[in-house]
There are 2 protein chains.
Amino acid sequence: MKKGATTIRDVAAAAGVSVATVSKYMNGTQRFTPAVEARLKEAIEQLGYRSNPLARSMITGRTRTIGLAILDIRNPHFTNIVKGANRVALQHDYTLLLVDTEESQEREQTLIESLAQRVDGMIVSSRMPDDSVQWLLDLGKPVVLFGRSSRFQISSVGTDSNLAGYMLANHLLKLGHKRIAYLGFGRSRWNDERIRGIRNCLDEYGLSLDVYDAQSPSAAAGERACSGLMLGPKRPDAVICYNDLIALGFIKEARELGFSLPRDVSIAGFDNVPYGEYASPALTSVDFQSERMGELAMTKLLDELHGKSEENAGYSMLDPHLVVRESTVRREVGEAADGDARTRKSMSGMRAAE
Amino acid sequence: MKKGATTIRDVAAAAGVSVATVSKYMNGTQRFTPAVEARLKEAIEQLGYRSNPLARSMITGRTRTIGLAILDIRNPHFTNIVKGANRVALQHDYTLLLVDTEESQEREQTLIESLAQRVDGMIVSSRMPDDSVQWLLDLGKPVVLFGRSSRFQISSVGTDSNLAGYMLANHLLKLGHKRIAYLGFGRSRWNDERIRGIRNCLDEYGLSLDVYDAQSPSAAAGERACSGLMLGPKRPDAVICYNDLIALGFIKEARELGFSLPRDVSIAGFDNVPYGEYASPALTSVDFQSERMGELAMTKLLDELHGKSEENAGYSMLDPHLVVRESTVRREVGEAADGDARTRKSMSGMRAAE
DNA sequence: ATGAAAGCGCTAACAT
DNA sequence: ATGTTAGCGCTTTCAT
């Protein structure tokens with residue numbers, strides 16, 4: 001029975017009924033006389049019949065498949081989104097068509113365009129600028145995006161990055177930090193909002209923020225960026241990183257440079273990735289509830305697909321939660337960031353802070 | 001143009017040719033007179049025509065989609081497999097239909113059965129016992145599995161768990177460890193092989209292995225299992241964990257119990273997850289090249305699909321690599337595991353080792 | 001309650 | 001090089 005799977009016609013013949021009857025039976029569209037029902041059950045069981053979803057989809061126009069386009073499955077933020085989306089999809093008997101665009105903008109559009117044809121709807125996480133999203137909507141399939149769009153009335157879910165930035169800054173300020181740096185990731189759509197939140201808070205204390213940029217949202221980039229901050233002219237006493245991955249890399253490299261953490265510098269990130277907890281010092285972060293973001297995105301999409309779009313259309317926002325761990329500690333008064341008496345190989349690379 | 005996407009017939013009409021011509025043009029199956037080609041290009045561009053992959057698949061019997069069934073996308077081992085598989089799939093213009101079975105055996109079979117109907121082939125990672133794999137093969141689609149099957153001649157990729165276990169044990173033994181414990185995960189198919197490798201090595205030194213079991217392959221389970229080992233009657237001076245997640249959890253809990261790592265106990269895991277490097281102490285592990293496993297699995301499957309199955313059919317094995325970091329250190333002679341003079345809250349829970 | 005027939009959008013012979 | 005035609009496996013009116 002390798003080739004030529006049994007079709008609806010085979011079943012119809014075996015049960016002595018029409019194909020229409022079999023179809024109705026398979027879809028539970030109708031009631032049957034016990035005799036017919038028994039023969040159908042028998043024939044289907046006998047032949048091991050399973051209806052062909054492709055043929056079905058072609059007629060109904062629905063595939064029970066949701067396209068999920070993300071930037072990098074290895075980034076725990078996206079991993080969680082996939083996990084959440086998958087769970088809800090499974091509950092509703094939908095399957096996930098996954099596309100990992102590998103952070104490549106060129107590929108992205110092509111991939112998403114062909115994805116659109118194979119699914120009932122899409123959830124897409126992208127670095128597309130806000131104003132070049134129109135084509136996505138024109139694909140004719142319901143879409144849920146991440147982050148709020150200023151120009152379009154799109155269904156989307158996000159978190160309050162502004163608030164998240166404020167929370168972290170506020171936390172550090174209350175710990176007595178004065179020289180706060182932000183190691184961001186400029187290509188991200190949320191970078192500016194986070195900066196804004198941080199600055200909002202610093203302003204209240206009359207402090208300013210030094211902004212640096214990592215080359216990618218990864219631990220490796222955090223490592224690379226570390227020496228620039230820690231051995232530069234304006235060594236901070238606390239660093240807020242664009243995400244936990246960057247923070248983790250930063251911590252590792254800082255220790256290798258001879259710094260003692262969190263004593264010499266407090267570090268915090270965003271995302272609350274699963275393994276920040278197991279780093280040392282355990283990482284202070286802001287939890288964006290990424291798994292729930294995935295769940296919510298899928299719920300919204302499915303609702304839209306099933307015509308109950310009113311329930312939670314438009315933009316939904318999840319609350320960020322501050323998770324304080326060991327990587328951020330109190331900076332005592334008078335304990336200037338560069339005032340330690342420790343010796344360090346790279347001491348020569350340091351100058352007085354401005 | 002929301003509903004009623006343009007079909008091949010619309011294009012044929014607009015270009016003044018037959019549908020067959022359009023089809024051939026779309027598939028590049030044939031050459032055309034410049035005039036016709038121009039009109040086709042024009043009409044397609046004008047109407048924004050994109051051929052319907054469902055209809056196409058129904059005839060060709062191919063979907064250019066590969067099903068990928070894994071146990072938990074959040075486990076970095078699987079995340080890497082997905083990454084690798086996705087990359088190769090993309091290169092060959094295939095898409096991934098992802099199924100995260102959430103470690104649920106019941107769901108698994110149903111999910112995979114329906115998955116089989118929508119894809120050209122499948123890559124599945126499962127905890128199915130070796131002898132209940134027949135139904136999977138009977139689904140009539142090419143399958144690539146992980147781990148070697150003893151009973152069937154299936155295409156599969158794996159690593160030498162036996163050797164991996166041996167490597168880790170050997171590493172610890174050379175560091176002077178004597179009381180080695182294994183915190184395994186009995187439900188895994190590879191657990192026994194790892195134990196075997198470890199014992200192979202221990203036997204050479206005339207040492208025995210204490211085996212414990214974690215409830216799941218997660219950090220949380222590692223945390224839960226820790227006190228049982230460290231405060232039990234046979235406190236080890238080195239612990240090999242089923243995977244890095246368990247090891248990470250174990251490390252965290254051990255420190256919270258008041259132990260100093262790696263001084264009191266060396267810890268090692270398997271998988272070399274990305275964040276083991278950022279833990280403290282950085283985790284010694286065995287790298288299974290999971291991303292390459294994903295790539296290789298996809299390559300094998302695609303080869304099979306394209307009729308070049310000879311090239312690398314059957315079982316392929318990747319080499320494990322020992323990655324030594326800070327979590328395993330030399331145990332000096334006479335420095336018995338329970339001989340420290342440290343005080344610890346739970347000291348009362350300890351007895352002399354047998 | 002059941003069946004006949006008309007497609008869904010496309011490809012694949014087989015003409016021409 | 002282009003067109004005709006017969007389906008792929010299924011759902012869906014519309015009859016009966």
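Here is how names work: the chains are called A, B, and so on, in the same order as the sequence lines, proteins then strands, and each is numbered from 1. Given the structure is predicted, the values throughout are model-derived calculations rather than measurements.
- Within 4.0 Å (heavy atoms only), Ser51(B) reaches sugar-phosphate atoms of the nucleic acid but no base atom.
- Residue Met58(B) has its side chain nearest to dG9(C) when only dT5(D), dG9(C), dG3(D) are considered.
- Atom NZ in Lys24(A) sits about 10 Å away from atom P in dA1(C), given to the nearest Å.
- At a threshold of 4.0 angstrom between heavy atoms, the contacts of Tyr25(A) with the nucleic acid are absent.
- With respect to Lys83(A) and Glu295(A), no salt bridge is recorded, no charged nitrogen being found less than 4.0 Å from a carboxylate O.
- Within the nucleic acid shown, Val17(A) comes within 4.0 Å of sugar-phosphate atoms alone, with no base atom in reach, counting heavy atoms only.
- Taking the six-membered ring for Trp and thresholds of 30 and 60 degrees, Phe32(B) and Tyr25(B) have ring planes more than 60 degrees apart, a perpendicular arrangement.
- Nearer the 5' end of DNA chain D, as judged by each residue's closest nucleotide, is the contact made by Gly16(B), out of Ile59(B) and Gly16(B).
- Straight-line distance from the CG atom of Asn27(A) to the C1' atom of dG9(D): 13 Å, rounded to whole Å.
- Each of Glu37(B) and Ala55(B) lies near DNA chain D, and the nucleotide nearest Glu37(B) is the one positioned closer to the 5' end.
- Positionally, the nearest nucleotide of DNA chain C for Phe32(A) lies more toward the 5' end than for the other of Phe32(A) and Arg9(A).
- Rounded to whole Å, atom P of dC8(C) lies 16 Å from atom CZ of Arg62(A).
- By the neighbour-count criterion of 12 heavy atoms within 6.0 Å, atom CD of Glu45(B) is sparsely surrounded, having that number or fewer from other residues, nucleotides or ligands.
- In this structure Ala43(B) satisfies the side chain to side chain contact (heavy atoms under 4.5 Å, CB included) test together with Val11(B), Ala14(B), Ala15(B), sequence neighbours excluded.
- When all heavy atoms of Tyr49(B) and Thr7(B) are compared, the closest pair comes out as CE1-C, 3.5 Å.
- Across dG3(D), dG3(C), dC10(C), the shortest atom-to-atom separation from the side chain of Thr21(A) is found for dG3(C).
- At dT11(C), one or more side-chain N or O atoms of Arg56(B) fall inside 4.0 Å of OP1 or OP2 (strictly under the cut-off).
- Comparing atom distances between the Asn52(B) side chain and each of dT5(D), dG9(C), dC10(D) picks out dG9(C) as nearest.
- Whole-Å rounding puts the Arg39(B) CZ to dA1(D) P distance at 15 Å.
- The nucleotide whose nearest atom lies closest to any side-chain atom of Ala20(B) is, among dA13(C), dG9(C), dT11(D), dA13(C).
- Phosphate proximity of dT11(C) to Ser23(B): present, with a side-chain N or O under 4.0 Å from OP1 or OP2.
- Under 4.0 angstrom from either OP1 or OP2 of dG3(D) there lies at least one side-chain N or O belonging to Ser18(B).
- Shown here for Ile66(B) and Leu301(B), the closest heavy-atom pair between the two residues is CG2-CD2, 3.5 Å.
- Across the protein-nucleic acid pair, Leu40(A) atom CG and dA1(C) atom P stand 14 Å apart, rounded to whole Å.
- At the heavy-atom level, Val36(A) lies under 4.0 Å from the strands shown only through sugar-phosphate atoms.
- The CG-C1' distance, from Leu47(A) to dG9(D), rounds to 15 Å in whole Å.
- Residue Thr60(A) has no polar side-chain atom (N or O) positioned under 4.0 Å from OP1 or OP2 of dT11(D).
- A straight line from CD1 of Ile8(A) to P of dG3(C) spans 12 Å, rounded to a whole angstrom.
- Rounded to a whole Å, the OH atom of Tyr49(B) is 10 Å from the P atom of dG9(C).
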